[in-house]
Amino acid sequence: MPNVVIHNLEVRFQVDGDDGAVFTRLFNKHIQAWSWLYERECARAGHTAAERRIGDREEHQ
């Protein structure tokens with residue numbers, strides 16, 4: 001998975017109520033979803049690498 005670097009990010013929105021609380025709630029919701037998907041992809045890549053190593057061992061025996 002490629003790395004992404006954000007040097008400058010500006011977000012503007014209007015909401016009823018406390019802007020900071022709404023932003024925090026939405027940010028947390030979406031960053032958790034991204035994190036879950038990222039961890040799942042990393043685990044899948046790890047399992048794939050492990051399966052490849054198993055196949056390599058069998059070929060060398």
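Residues take their numbers from the sequence shown, with the count starting at 1. Please read these numbers as outputs of a predicted model, since none were measured by experiment.
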* Structure fact -> Taken to the nearest 0.5 Å, the spacing of F27 CZ from Q32 CD works out to 10.0 Å
* To do: Rounded to the nearest 0.5 Å, what's the gap from CZ on R44 to CD on E39? Could you check?
  =>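 If we round to the nearest 0.5 Å, R44:CZ and E39:CD are 15.0 Å apart.
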* Quick one: list whatever passes side chain to side chain donor-acceptor pair (under 3.5 Å) with R40, sequence neighbours left out. =>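 R40 satisfies side chain to side chain donor-acceptor pair (under 3.5 Å) with no residue once adjacent residues are dropped.
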* **Co-membership, hydrophobic cluster, residues V4 and Y38, 4.5 Å side-chain** => yes
* Asked: In the single-linkage hydrophobic clustering (I, L, V, M, F, W, Y; side-chain heavy atoms under 4.5 Å), do V11 and V5 co-cluster?
  -> no
* Measure from the side-chain N and O atoms of S35 to the backbone N and O of I31, and report whether any donor-acceptor pair falls under 3.5 Å. => no
